[in-house]
S.K.: 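Would you mind keeping the following structure in view while I ask a few things?
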Amino acid sequence: MARWGMVIDLDRCTGCAACEVACKSENNVAAVSVEQADMGRASSWMKVMAHVEGEFPDTTMHFYPRPCMHCDNPPCIRVCPVQATYIDDEGIVGQIYARCIGCRYCANACPYMVKYFNWYGPEWSEAERQHLNPDVSVRPAGVIEKCTFCHHRLQKAREDARAEGRELREEDYQPACVDVCPTNAIIFGDLDNPSHAVHTLKDDPRVLRLMEDLGTQPKVYYLRPRD
Amino acid sequence: MGGTAADRGGFVRVRWVSGSFGVILVAGIVITVLVTARPSVPQPVAFNHRKHTEELGLNCEFCHVHVTKGAHAGLPDAQTCTMCHQAAQGTSAEATRVTTLLAEGDPLTFKKLFRLEPHVFYTHRRHVGIAELECENCHGAIAQTVRPPARPLVTIDMDFCMDCHREQGQTLDCNACHR
Amino acid sequence: MSPSRREFLWTMGAAAATVALKGAQDVFWESDESLDVGWAPGIEERRNSTCLICPSRCGIRGRLVDGRLIRINGNPLHPLSRGGLCPRGVAGVQLLYHPERLAGPLVRSGPRGSGQWETVTREQALERIAEQLGSLRAAGRPEGLALLAGYSAGTMQDLWRQFLHNFGSSNYVADEYEDGTEAVMAVMHGIDRRPSYDLDRARLVLSFGAPLFESWWSPLQAFVAFANPDAEEESGPRFVQIDTRFSRTASRAHEWVGVRPGTHAVLALGIAYVLIRDELIDADFVARHVAGFEDFVDAQGQPREGYRSLVMRNYRTEEVSAITGVPVARITALARAVAANRPAVAVCGTDVAFAPNGLLAGLAVHSINVLMGSVNRPGGVLFADDAPVGPLTSPVLDETARAGVGRGPIGTQRPVFGSGGEALRFAAAVAGAEAPIEALLLYYANPIASSTDPSVWHEALEKIPFVVSFSPFLDDTARYADVVLPDLLPYERWQDAPTPTSYPYPVWGLARPLVEPHEGAMHTGDVVLDLARRLGGSVAASLPYESFEGLLKERTRGLFAVRRGMTLGGQFEREHHRQMEERGWWLPEHTDFEAFWDELVERGGWTDLFYDHTDPYRIAQTDSGRIELMPAKLLSALAEEGSELRPYLDVATQTAADSTEFSLRLIPYRVSTLASGTLSLERWLAEQPGIFPDVLWHPWVEVAPETAHALGLSDDTLVWVVAPRGRYRARLKVFPGTAPETVCAPYGLRQPDGEPANPLRLLDSTNDPLTGLPSWSSTFVRLEQA
Amino acid sequence: MRQAVREKLARMSNDEQILLRPLVETSRSFYIVAGLLAAVTLWGMFAYYLQVTYGLGRTGLNRPSYWGIYIICFVFFIGISHAGTLISAILRVSKAEWRRSITRSAELITVLVIGFGAIQPIIDLGRPDRVLNVIFNAQLRSPLLWDVTSIGLYFISCTIYLYVPMLPDLAIIRDSGIKAPRLYRFLAAGYRDTPAQRARLERVIGVLSIIVIPIAVSVHTVIGWIFAMTLRPMWHSTIFGPYFVMGAIYSGIAAILVAMVVLRRAFGLQQYFKDIHFDYLGRLLLLFSLLWFYFTFAEYLTAFYGGEPGEMRAFWAKLTGPFAIPFWTMVLGCFIIPLSLMSRRSMRTPRGTLIAGIAVMIGMWLERFNIVVPTSVNPRWEIESIGQYLPSWVELSIMAATFSGFTLLYMLATKFVPIVSIWEIKEGREHSVREVADRVAEYLPESA
């Protein structure tokens, strides 16, 4: 059984945010209005966070692209009263929108703040609906949503592999953010498969996991900047 | 509240209680039916499945062209019908009507009969194209119908899917169908 | 059992509850079905094309489901972008399916700018334009037609030029992204072309304020070099960013050198000083290809100081340190790094040239490349070729056209070098009634929003009786048009998309329709061809093409015939082709043109990854045949103008605040997500225009913590940015990376209500007299709480 | 009041006359107040209608402050609910005779307030239409589900615990025939106050009062655990269970005191709510103010001493940051005011306890606020930006409606049941004086 994970090289990330937009495009994440954004209600399953240190002219800034960590021990799934969020056999933490009651307990339980709530229904104009991805649902108002490692792509890739009668290859299943990254800062694959790049990278001495001390065992690894 | 004690007291009118329970029950059924019932699906022409499949020997893919490669099987368009129905086929009034409609340039938009909830992601490609399931597994004897059914012949709900998945040893992962 | 009152009430209640519940299902939580996801039947395909959103022209691969464009991804075959893409490219789907897109051509029905329009057919719009243009020619005044064109390199530009030329007008006015390097090359190398930078093979990239990772010519080119996907172990070039602002590029470069505004060139010469002093320059290259390094005697027999003497005398590290604020040790270390990491390439950014004396500053920066011999060598500055597409039909001029062209372009005052600031000069000339322009066509230009001086444009538009916009959106300038004939959006139209000159190899990307074109819009290329047919005469004769697609295909024959290059291919194919070409081979893959064309369309373009480093004409085409460090043309031009300016002396472009009222230096910069600076259309981008600071939708300005503290302003306050020329509103963001006493202001943003929030409008009107480019870093502002 | 009723009432005992009068006699000011409260409640219902129609976006909630007023009110109301049952049960078990006149009003508070508390999380749901998923797809690891279970149990047992001791009074009303004979015939459920029935009743009450205590403790423990089970700074704390229970009882006592003062005034019950009651309850309040301080101090000291950066962000936000005003108001309301007032005997009067009670209620509401909001807006990861939370008018309206709805129902309840237990008073007069004398005699050493 695969165990999907991600390695993000902070030395390579230039903070261009292509991953953010690619994620929104892939997963039908609607932009909210100005007023809503001002209230802090914008959603971005993948979010590039900036970490600034020091004052001019000795400032440093690093960008942390932050998807769902897909923890092996996710605090969010334990608290969900209706099993709307769960971890599957391959380590992907899923969110079942059709079951979610919108209590936002998981959002509070997640120390990484990767759960987003649909305060209103998504605002897509008639024209914009044309570009919605038919593989991913459009979440209604009142439910939590989050990064799924583009799980639908895994489904498709597996389907293709099966149709062609072959094994799933590393490059078959890559989330949208990984696909688009112009500097290849995000690497994705099966952590348990020695032929996948992430398998070796996760043991790199530069590796850092966010809030590892909480015992959540995130499957998103960061490679610390070298300097 | 205190029902048994009250009965023991023998002063509560049975009619009162049973009457209101009856009303609640009826209302409940009405609500359930109204909320869950699906409207009947009208089709542009009275398509006879049996004639096309059994008698003419057309296979399903002939009209449902995407059945092995698309998410949805696809419904025939006017072009498909025109292949044969440009001239009237047979003597039935409906066949004549089809020819007339086609001549008038009616697009003959057939409507989906089997609809899944919008949060269910099903693909024919996976089930028919790859796993090679039979159509009647899910659609019942649709190929034998002589007129368009107003409602699905098989109720496809989550239990229906799950039973088969369990039997076939397929994934039971929520993400496989909901996303 | 007859129904009691109670039972009746119960029934009524149940009925009401049912209705409410049904209502709730329909209204309260919109059912997903209404959003039309999971539609039938979902047949997918992927098609390659090219992104037309910014000059970078990256390769894209569209994912189409039932003819809808669902996703835009990178095309891995494209040699420049290699499957990567920037957020703007990805957000293209929102551009295509934008709700504000015009549904069809519009003709003004009320007074100008009143917003009253009449919807017309394409035929009517074309008729109207043809009629107006025809009357110009009939009156013998074809030069009364002008075109203001945004970045449109490739066949569209050629087509417009040919159209105007044959019509009889020389008024092709460019309103594009500029960085002033064109003039630098023209002066030093005698080559009138923007330089290319071979970032992939450089070992050190010394960027002087060039926003490589943000809004440069091609951020993807820089990303690819930064990530260095070809090398297995070896890391990519070392990026050193010399910048006044702690930009995103600065933050991610391997090293950031913060300099005082306007002192980039001084630092460059300080580095040159160390290189010369420590004998680290490429003496061989300098001896063979460079003139003006040593003292010399000019044509008039006057002894002149050479570059070496000027630098050695004036740019000792201590002095440079005092001017730039960079410690002496750092300057020395930088110079040593340049020498140690050869090939090193210095990239000149807009901050350098967009200043008073910008050209001289640009020369100083580029002189590092010359000293290090990083010219026409792998990893250095190159002069690339254009893709060898076939020419347009040779023009035939009739009498009217010849007369019109003979009267030349309007606008009297042209800069000595380059063509910077052309659009604004044009507007000023029109506004000043020096030149009667009867008809103006706007092609991907929106000067009302993007210009540094919209008021001049307002005046100019007042004076022009007939204005046509081809914008697909009713943008700020299109509002003042008489006719709007919307162009097709990218992904709907055919267009060739050559990569910008910053990329060293010609890549002729092809954008092709991915989706069905919108019926209300029309490809402007087809409009031009149609207009030519309607106008008849020499105009029609010179553009005998059926459609723009046909025209493109016709020109592609040039690529087929040239016996070089390849259609886009994977990494292995690219390398194979390059090595074969290096050895003088060409692999004929297609016997007939149709097959070549089909493959070109399928793969998304053509490229030739071979660069001839032995060609001496790629080093210098000056009269002396050498790279001129003390350019003769420049010296004579300065002498002619009686200017006091001297190269390598007057390079500091910093001016001091002349009043206490306006004491903060304004540093405008271009936001990467909105690099066109004119439109903020896609909601995904408008929501998050910058990554840092984390501001959604609103324009902002950045100041240092101590500056904010001194002003008594806190983070997120709404402020007015006030300059003598005007003011605009923005959010204040306190950012520790900002230099004290400066205000970094992104441009290209809009207020949430759509009003442009453009710091460029505040710029004082100083500009470089030699290049005509406006000055950026000489404006001072103050902040007021709004 | 109709003549017939008046005559019937006149035939009854003194206690019954006083205590049953409110059932049949309603003053004009009652109508005015009830009307106002009903208006506020309707307004809140309208606000909720808007929220349901358009989504939770109508609230001031956002990311990262996912929880706000509703959850604060939830914790607060469930806390108040400890007023009743727990106190009356403890007093009953410990045979505190002075309890007799206050148990009914306290238990009534409990039952009503649990209802209003329990709907808060449902109001807070993004998809209230799916609330039954909590049952259909129950996930027993979730503290929210523990909560559903324990609140459900608590509500049922409290309702029984309210109803069963009410039976003799209901029978009295039924027998007097002063009001809605059919209703009281139904409610009294055939209770005839025979010695056998009385004995069985007393036994049931005795058992119930013991059962109710652990359930009540569990309810608020579990509510504390909702927060404590997450990894959020200042929530992830083992003290939360007992701290919440203690706080709940504290606010409960305050609520009873306020209710008693109001009832005493409104229905002229000076004979039943005597100074001694206020004195005793005041002492209890004093005790709990000290306990509150101890728990709060322990909680904050632990957080401060650990000095974990994530915790400190929330910690300083409360003590000196943007939440300093609610924090120090809370300290004032929960500690300084009740301590300084209740430590003096002269202030343990109806007026003094009213002031202290109101202060404690406000303080305890703010305590819930200080638990929910500052942690919400201060994410653990320091590069995440700090959030803001400003409740919208919809939330405030719904909160106002909850308070007014509760008060309204409480007022209405006084029109249907005697607010002081008639039979217990009667029993006190008839048996207890003797019984207590006997019992006290038992404690004492035999006189030589």
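The chains referred to below are lettered A, B, ... by the order of the sequence lines, with proteins before strands, and numbering in each begins at 1.
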S.K.: Where does D:W235 contact chain A at under 4.5 Å (heavy atoms): side chain, backbone, both or neither?
M.R.: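 For D:W235, the contact with chain A is made by the side chain alone.
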S.K.: Considering only heavy atoms and a distance below 4.5 Å, find which of D:P143, D:P64, D:S65 pairs most often with chain A.
M.R.: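 Max contact count across the listed options: D:P143.
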S.K.: Between D:G387, D:G60, D:P121, D:S376, which shows the greatest number of heavy-atom pairs under 4.5 Å with chain A?
M.R.: D:G60
S.K.: Counting heavy-atom pairs closer than 4.5 Å to chain A, which one of D:T59, D:L140, D:V148 comes out on top?
M.R.: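 Ranked by heavy-atom pairs under 4.5 Å with chain A, first place is D:T59.
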S.K.: Counting only heavy atoms closer than 4.5 Å, note whether A:A50 contacts chain D via side chain, backbone, both or neither.
M.R.: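 A:A50 touches chain D through backbone heavy atoms alone.
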S.K.: I'd like to verify something: which residue of D:I122, D:L61, D:L56 has the highest number of heavy-atom pairs under 4.5 Å with chain A?
M.R.: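 Maximum pair count with chain A is reached by D:L61.
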S.K.: Within residues 222-234 of chain D, which positions have a heavy-atom distance to chain A below 4.5 Å?
M.R.: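 So the qualifying residues are D:W225, D:I226, D:F227, D:M229, D:T230, D:L231, D:R232.
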S.K.: Is it true that D:R58 and D:E395 make a salt bridge, defined as a side-chain N closer than 4.0 Å to a carboxylate O?
M.R.: no
S.K.: Considering only heavy atoms and a distance below 4.5 Å, find which of D:L145, D:V131, D:L125 pairs most often with chain A.
M.R.: D:L125
S.K.: Are A:F149 and A:F188 close enough that their ring centers fall under 6.0 Å?
M.R.: yes
S.K.: Could you tell me if the ring centre of D:F403 sits under 6.0 Å from that of D:F77?
M.R.: yes
S.K.: In terms of heavy-atom pairs under 4.5 Å, which option from A:M113, A:R99, A:M49, A:R104 contacts chain D the most?
M.R.: A:R104
S.K.: Give, as side chain, backbone, both or neither, the part of A:Y112 having an atom under 4.5 angstrom from any heavy atom of chain D.
M.R.: backbone
S.K.: Does a side chain donor of either A:R139 or A:N28 reach within less than 3.5 Å of an acceptor in the other side chain?
M.R.: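 No pair is found: no donor N or O on one side chain lies under 3.5 Å from an acceptor on the other.
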S.K.: Between D:Q388 and chain A, with a heavy-atom cut-off of 4.5 Å, which part of the residue counts as in contact: side chain, backbone, both or neither?
M.R.: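 It is neither, since no heavy atom gets under 4.5 Å.
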S.K.: What part of A:T216 is in contact with chain D, defined as an atom under 4.5 angstrom from a non-hydrogen atom: side chain, backbone, both or neither?
M.R.: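 Contact with chain D is through the side chain of A:T216 alone.
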S.K.: Taking all atoms of both residues into account, what is the closest heavy-atom pair of A:Q95 and A:I144, and its distance?
M.R.: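 Answer, listing the atom of A:Q95 first, then A:I144: CG-O, 3.4 Å.
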S.K.: In sequence, state the C-alpha distance, the side-chain angles, and the governing distance for D:S397 and D:W43, and then conclude on side-chain hydrogen bond (donor to acceptor under 3.5 Å, both in side chains).
M.R.: CA-CA 7 Å; D:S397 304; D:W43 174 249; 3.1 Å; yes
S.K.: Given that the side chain runs from C-beta out, which part of A:L210 has a heavy atom under 4.5 Å from chain D: side chain, backbone, both or neither?
M.R.: side chain
S.K.: Where on A:M39 is there a heavy atom nearer than 4.5 Å to chain D: the side chain, the backbone, both, or neither?
M.R.: both
S.K.: Think A:R129 forms a cation-pi with A:W124, using NZ or CZ under 6.0 Å from the six-ring centre and within 45 degrees of its axis?
M.R.: no
S.K.: A:R3 vs A:D72, test: salt bridge (charged side-chain N to carboxylate O under 4.0 Å, His left out). Steps then yes/no.
M.R.: CA-CA 9 Å; A:R3 208 166 65 85; A:D72 268 342; 2.4 Å; yes
S.K.: Flag the pair D:Y300 / D:F327 as yes when their ring centroid distance falls below 6.0 Å, and as no otherwise.
M.R.: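 Centroid separation for D:Y300 and D:F327: below 6.0 Å.
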S.K.: Evaluate the side-chain proximity of A:C103 to A:P81: yes if any heavy-atom separation is below 4.5 Å, no if none is.
M.R.: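 In contact.
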S.K.: With ring centroids as reference points, do A:Y64 and D:W381 lie under 6.0 angstrom apart?
M.R.: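 Yes, the ring centres sit under 6.0 Å apart.
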S.K.: Could you tell me if the side chain of A:Y86 sits less than 4.5 Å from the side chain of A:Q83, heavy atoms only?
M.R.: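 Sidechains of A:Y86 and A:Q83: no contact.
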